[in-house]
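Everything below concerns the one structure shown next.
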Amino acid sequence: MEENSCNVPTNVGFSVPVRVSRETKPDASLVNIGGVKIGGSEVIIIAGPCAVESQEQLLDTASSVKNGGAKILRGGAFKPRSSPYSFQGLGEEGLMLLRSARSETGLPFVTEVMDTRQVAMVAEYADMLQVGSRNMQNYPLLKEVGLTRKPILLKRGMMATVEEFLLAAEYILNQGNDQVILCERGIRTFETSTRNTLDLSAVPMLKSLTHLPVIVDPSHGTGLRWMVPSLAKAAVAVGADGLIIEVHYKPEEAICDGYQSLSTNEFAILMIDLKRIALAIDRDISLP
Ligand code: PEP
Ligand code: MN
């Protein structure tokens, strides 16, 4: 295809690639994760620990977030850590624990894949594959996950523009996989008081430019437990189709990202507030 023929002109200063463009497909896409659909009127909450640490930690956290109203479990088995000396995740053992948490709770799960060589294995276990912020422009990885028929949760690169984010998603659709969900998780700005600057403007912007569902990660977006509820509520109000929230049964003992993880009790309280916001904008969050 010619360079220009794959882009749809817009009034935002750049063209949107053809497969992700809302001009090409005006109706919102629904992505089905083990029977849970994201992109419809219900706002879907994904919750769980940053990293899978142990059977007790995962099962306890998974059943609590389910009772709180989460529909999908999260948990990293392969962790992209800034330091090579930090805990790197349990690997395949973590995937097996996620699978048993799914059997116990019925919750489908999303987990990160960092390397093209791991895609087939992670896809054997997971209901949705996460491509993390650090890998948003890892083009071989985008192509590899695009060849699977698993839903893909694509997180915005911390230095990526909305245009680059949409182009990264286009890589996946271009391989034949249209089950893609975009996740705003905060970008790097001059501000240092929060871990990242959660770009909530990106939500209505993305929703206007693409038919793909858009969710928000207020945990990595702020890096601060006490701010997560405020930004989670704001994300629902601004039109996010879902949220991904870090929750830990003992946040103070978490190996990874405990300072931004909600306790299971804080999560349950937040869910009640989130439902009220969803109802106010003619959406819903079903609670058990
Ligand atoms: C995560 O969700 O655990 C994670 C590492 O997120 P990000 O890629 O957005 O930093
Ligand atoms: Mn984390």
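Both backbone and side-chain heavy atoms feed into the values below; hydrogens, waters and symmetry mates do not. All values reported here derive from a predicted model rather than from experimental measurement. Count residues from 1 along the sequence.
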**Q.** Over 12 foreign heavy atoms within 6.0 Å of CE, Met158
**A.**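 Yes, enclosed.
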Q) Does CZ belonging to Arg81 count more than 12 external heavy atoms closer than 6.0 Å? A)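 Result for CZ/Arg81: enclosed.
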Has the side chain of [X] got a donor or acceptor atom that lies under 3.5 Å from a matching backbone atom of [Y]?
X      : Y      : result
Lys25  : Asp27  : yes
Arg22  : Pro26  : yes
Thr24  : Val18  : yes
Arg149 : Gly146 : yes
Thr116 : Leu141 : no
Gln88  : Ser86  : yes
Lys155 : Gln130 : no
Asn196 : His220 : yes
Asp284 : Val43  : no
Thr197 : Gly186 : no

Which pair of non-hydrogen atoms, one from [X] and one from [Y], has the smallest distance, and what is that distance?
X      : Y      : result
Val238 : Pro204 : CG2-CD, 3.9 Å
Ser100 : Leu97  : OG-O, 3.0 Å
Phe87  : Lys79  : O-CB, 4.2 Å
Val52  : Leu58  : CG1-CD2, 4.1 Å
Asp127 : Gly34  : OD1-CA, 4.4 Å
Ala160 : Met136 : CB-CE, 3.4 Å

Q: Could you check Leu154 against Phe165 for side chain to side chain contact (heavy atoms under 4.5 Å, CB included), going step by step and ending with a plain yes or no?
A: CA-CA 9 Å; Leu154 178 65; Phe165 194 12; 4.0 Å; yes
Hydrophobic clusters here meaning ILVMFWY residues chained together by side-chain heavy-atom distances under 4.5 Å, can you tell me if [X] and [Y] are in one?
X      : Y      : value
Met114 : Val180 : yes
Leu95  : Leu90  : yes
Tyr125 : Ile33  : no
Val36  : Ile45  : no
Leu209 : Ile187 : no

Q: Just do the side-chain hydrogen bond (donor to acceptor under 3.5 Å, both in side chains) check on Glu252 and Tyr259 with the steps written out, would you?
A: CA-CA 7 Å; Glu252 60 294 336; Tyr259 45 83; over 6 Å; no
Q. Between Arg117 and Glu144, is the closest basic N to carboxylate O distance under 4.0 Å?
A.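 No.
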Q) Using 4.0 Å as the upper bound for N to carboxylate O, is an ion pair formed by Lys71 and Glu42? A)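 A salt bridge links Glu42 with Lys71.
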Side chains of [X] and [Y]: do they bring a donor and an acceptor to under 3.5 Å?
X      : Y      : result
Ser54  : Glu56  : no
Glu53  : His248 : yes
Gln260 : Asp257 : yes

Counting C-beta onward and ignoring hydrogens, is there a side-chain heavy-atom pair between [X] and [Y] closer than 4.5 Å?
X      : Y      : answer
Glu164 : Thr161 : yes
Leu200 : Leu231 : yes
Ile245 : Pro218 : yes
Val65  : Leu107 : yes
Val162 : Phe14  : yes
Thr148 : Asn177 : yes
Arg156 : Ser133 : no
Thr210 : Leu182 : yes

Q.
With salt bridge (Lys or Arg N to Asp or Glu O under 4.0 Å) as the criterion, how do Asp60 and Lys250 come out once you've worked through the C-alpha distance, each side chain's angles and the decisive distance to 0.1 Å?
A. CA-CA 10 Å; Asp60 193 299; Lys250 293 174 184 169; over 6 Å; no
To the nearest 0.5 Å, what is the distance between [atom1] on [X] and [atom2] on [Y]?
X      : Y      : atom1 : atom2 : answer
Thr61  : Phe267 : OG1   : CZ    : 11.0 Å
Leu142 : Gln175 : CG    : CD    : 9.5 Å
Met205 : Glu184 : CE    : CD    : 12.5 Å
Ser63  : Leu73  : OG    : CG    : 10.0 Å
Leu129 : Ile152 : CG    : CD1   : 4.5 Å
Leu198 : Arg195 : CG    : CZ    : 12.5 Å

Q | Positive for side-chain contact (heavy atoms from CB on, under 4.5 Å) with Leu243, one of Val228, Leu274, Ile44, Ile285 | A |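 Going through the options one by one, the only one that passes is Leu274.
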Q: Start with the C-alpha distance between Arg19 and Asn174, add both sets of side-chain angles, then the distance that settles side chain to side chain contact (heavy atoms under 4.5 Å, CB included), and finish with yes or no.
A: CA-CA 7 Å; Arg19 292 186 166 80; Asn174 200 35; 2.8 Å; yes
Q. Salt bridge (Lys or Arg N to Asp or Glu O under 4.0 Å) between Arg74 and Glu246: does it pass, once the steps are laid out?
A. CA-CA 8 Å; Arg74 65 149 287 148; Glu246 287 185 341; 3.5 Å; yes
Q) Where do Ile181 and Val214 land on the side chain to side chain contact (heavy atoms under 4.5 Å, CB included) test, with the steps shown first? A) CA-CA 6 Å; Ile181 295 172; Val214 179; over 6 Å; no
(Q) side chain to side chain contact (heavy atoms under 4.5 Å, CB included), that's the test. Do Ile215 and Leu153 meet it? Break it down for me. (A) CA-CA 9 Å; Ile215 73 167; Leu153 179 58; 3.6 Å; yes
